[in-house]
Amino acid sequence: MVEESGILELKSFFEPKSVAVVGASRDIRKAGHILLRNLLSFGFKGRVVPVNPNTQQILGLKAYSRVDLIPGDVETAIIVTPAVFVPDIMEDCERKGVRAVIILSGGFSEEGEEGEKLEKEVVQIGRRAGIRIIGPNTTGIINTENGFMSSFTKFSNIIKGNVAFIAQTGNYGGIVLEQIFSSHLFGVSKVVGLGNKCDVDETEILEYLALDDKTQVIFLYVEGIKNGRRFLEVAKKITKKKPIIVVKGGKTDLGAKIALSHTASMAGRDEIFSAACKQAGVIRVSDFEKFLDLAQALSHQPLPKGNKVALIHFSGACLVLGTDMIIESGLKIAELSNISIKKLREITPQWHRVSNPIDIQPSIMMAGADRTYQVAVNTVIEDNNVDAVIVGIGAVEGNCPDDVMVLGMHKEKPILFCLYGNKSLSEKIGRDLRKLGYPVYDSLRRAVDVLSVMCQISKRMNLMVR
Amino acid sequence: MKRGLVMDFVSQIFAKVREERRNILLEPEAKTVCMEYRIPVTKFKFAKTVDEAVSFAEEIGYPVVLKIVSPDIIHKFDVGGVILDLKTPEEVRNAFDSILKNVRRYKPSAKILGVVVQEMVPPSTEIIVGAIRDPQFGPTLMFGLGGIFVEIFKDVTFRIAPIREAEAREMITEIKAYPVLKGYRGMPPVDIEAIVQILLNTSKLVMEHLEIKELDLNPIIVYEEGAKTVDARLILE
């Protein structure tokens with residue numbers, strides 16, 4: 001485990017009191033400009049000082065030509081200059097007493113021999129000076145709590161939340177984040193781009209995030225783990241309290257080769273990585289999309305205390321298919337209590353049987369969509385035999401609730417929604433459901449897969465009551 | 001303390017291997033290492049002459065198997081370096097001569113140290129227990145059923161060492177072919193406990209000797225009671 005001092009060191013990457021931006025630029029197209037603007041736009045209250053030998057002022061801030069010419073304390077430096085200048089800048093940081101450096105620049109070990117040499121130099125200076133380094137070749141940090149960020153992606157908006165990202169990739173991460181923010185899937189606590197991992201690695205960041213009470217779900221994209229054994233030990237402890245979900249690239253040989261040039265990683269055997277994840281209670285998924293599906297649910301919904309599922313749907317076919325999927329995933333179809341059956345009876349025509357999975361189309365015809373969905377959802381939530389709920393809504397006028405507020409906000413058991421039908425109507429309903437904290441999917445398959453993983457996580461965290 | 005003594009003995013074997021500029025253990029060396037870690041192996045003795053071979057065969061009990069011992073031969077079967085089912089001293093003598101002839105024909109420069117005289121055990125279910133030193137995760141264990149189950153179906157499980165008993169059991173029950181071990185089509189169930197012990201002891205071995213790069217116990221024959229490692233291969237870093 002990282003000792004107290006280790007966590008303190010990392011604090012300079014997330015909550016610095018003063019930041020130098022080395023390579024800041026007046027040119028609005030340059031990363032050095034965008035990142036400076038980002039730093040000033042999202043609420044960061046620390047001192048920000050641009051460093052650029054060719055200009056006196058950027059964005060209203062006085063610029064200095066070197067880090068060690070800045071008066072006062074400089075806790076952290078973000079470097080976005082060409083790689084060849086970085087060793088000298090590191091020495092300036094050493095003289096100044098900077099504690100943490102985020103190197104965004106590419107052109108280091110991921111590119112070849114020359115770059116590797118530069119990186120070694122940088123690491124040496126860092127070690128000698130006691131400076132911790134994140135990067136190089138990354139977008140660095142985003143802390144939504146205090147608005148500190150080193151990223152040069154143009155974000156339209158940042159949504160605060162409880163999901164943290166650790167990624168070995170830079171630009172894709174930035175674009176995916178913009179997608180997440182703009183679609184209101186879930187909010188983010190911290191984002192960490194590790195790049196070439198020349199110093200700080202994923203295991204240290206995991207330890208930091210384990211102690212961060214703003215983070216409830218941790219996502220990790222890696223192409224290679226630096227110290228697998230340490231990662232295992234640390235992850236094992238963390239997954240008892242917070243889920244860690246990992247996507248690992250470089251499965252096939254070709255993929256692995258690309259990974260090598262992308263961030264100069266060591267790739268181990270893929271099955272061994274899966275075994276390690278299993279042993280550590282880490283959930284491994286095959287791609288970002290699966291992770292996004294999971295994060296939607298994990299960030300807002302409670303974990304299930306058992307594996308008995310109530311399936312509410314308007315389509316007979318989906319009820320059958322859904323049942324197959326639920327059973328095949330190792331989950332169970334809940335048996336409704338007599339009280340639940342009685343409650344549902346009130347909105348169900350005489351000729352139609354009441355049981356789980358629940359076919360609500362006849363009820364929609366009899367009692368209307370609003371009342372049907374309200375009664376159905378509330379009934380199964382109150383049923384002690386039910387641990388989790390999946391609801392299918394067909395976005396066609398008359399078949400879907402006018403206002404999803406009728407469903408209420410439930411926090412005791414997870415509820416997942418599947419939307420079908422008219423595109424713009426289902427998008428609207430989806431948005432409204434998400435505002436209530438419900439995850440929304442466009443297929444039963446995705447919802448069942450998510451629920452199955454939620455049960456795995458629940459078991460790992462010893463939350464399963466039965 | 002006994003643990004310290006055991007480590008030393010195996011380390012001594014490794015030191016001798018290195019002194020001879022090798023990193024692949026000879027079969028008798030590998031099997032000795034197994035014995036030190038209480039991994040059950042077939043009865044064996046290392047014979048340097050044909051007379052020794054006959055005398056050891058008498059000691060061990062017929063039928064026996066003879067296998068070439070040479071640092072230059074890896075695939076003994078392929079070069080006619082293994083002869084099975086020897087039931088009399090005469091057969092042992094003939095086999096000894098044949099093996100030497102075969103090996104000399106295949107690789108005249110091969111350094112021949114002798115033969116292993118090994119008990120020939122009755123057939124039963126075959127399993128594989130292996131270990132490798134993974135560059136990312138260090139000592140890693142592997143388990144599977146032998147033959148086509150591992151070679152064609154790749155039905156194996158991995159665990160990062162060290163493992164506890166519960167994890168050893170998980171490894172065993174996790175493979176798709178597990179029902180074969182429980183007993184199937186008139187074949188009796190095999191000694192799962194023996195497999196658990198082998199996995200745990202292998203875990204100890206690779207954790208206490210990080211210089212082991214690859215370990216292959218293949219096949220291990222498992223019976224209703226007990227198990228025997230027929231072939232063991234050990235490669236150092």
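Every value quoted in this text rests on a predicted model; they were computed, and no experiment measured them. Labels below follow one simple rule: chain letters A, B, ... track the order of the sequence lines, proteins then strands, and each chain is numbered from 1.
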Can you give me the closest heavy-atom contact between [X] and [Y], atom names plus distance?
| X | Y | value |
| --- | --- | --- |
| A:R229 | B:G138 | NH2-C, 3.8 Å |
| A:A276 | B:F137 | CB-CE2, 3.6 Å |
| A:Q279 | B:I160 | OE1-N, 2.6 Å |

Near [X] [atom1], under 6.0 Å, is it more than 12 heavy atoms from other residues, nucleotides or ligands?
| X | atom1 | answer |
| --- | --- | --- |
| A:R445 | CZ | yes |
| A:K236 | NZ | yes |
| B:E237 | CD | yes |
| A:R127 | CZ | no |
| A:Q124 | CD | no |
| B:E20 | CD | yes |

Checklist line | A:E271 side, atom CD; B:T140 side, atom OG1 - distance, nearest 0.5 Å | finding: 11.0 Å
Check: Listed by chain and number, what are the side-chain hydrogen bond (donor to acceptor under 3.5 Å, both in side chains) partners of A:Q456, not counting sequence neighbours?
Finding: none
Check: Backbone N or O of A:G228 within a donor-acceptor pair of the B:Q136 side chain at under 3.5 Å?
Finding: no
Next item on the list: Could you list which of residues 166-178 of chain B have a heavy atom closer than 4.5 Å to any heavy atom of chain A, in residue-number order?
Entry: B:E167, B:E174
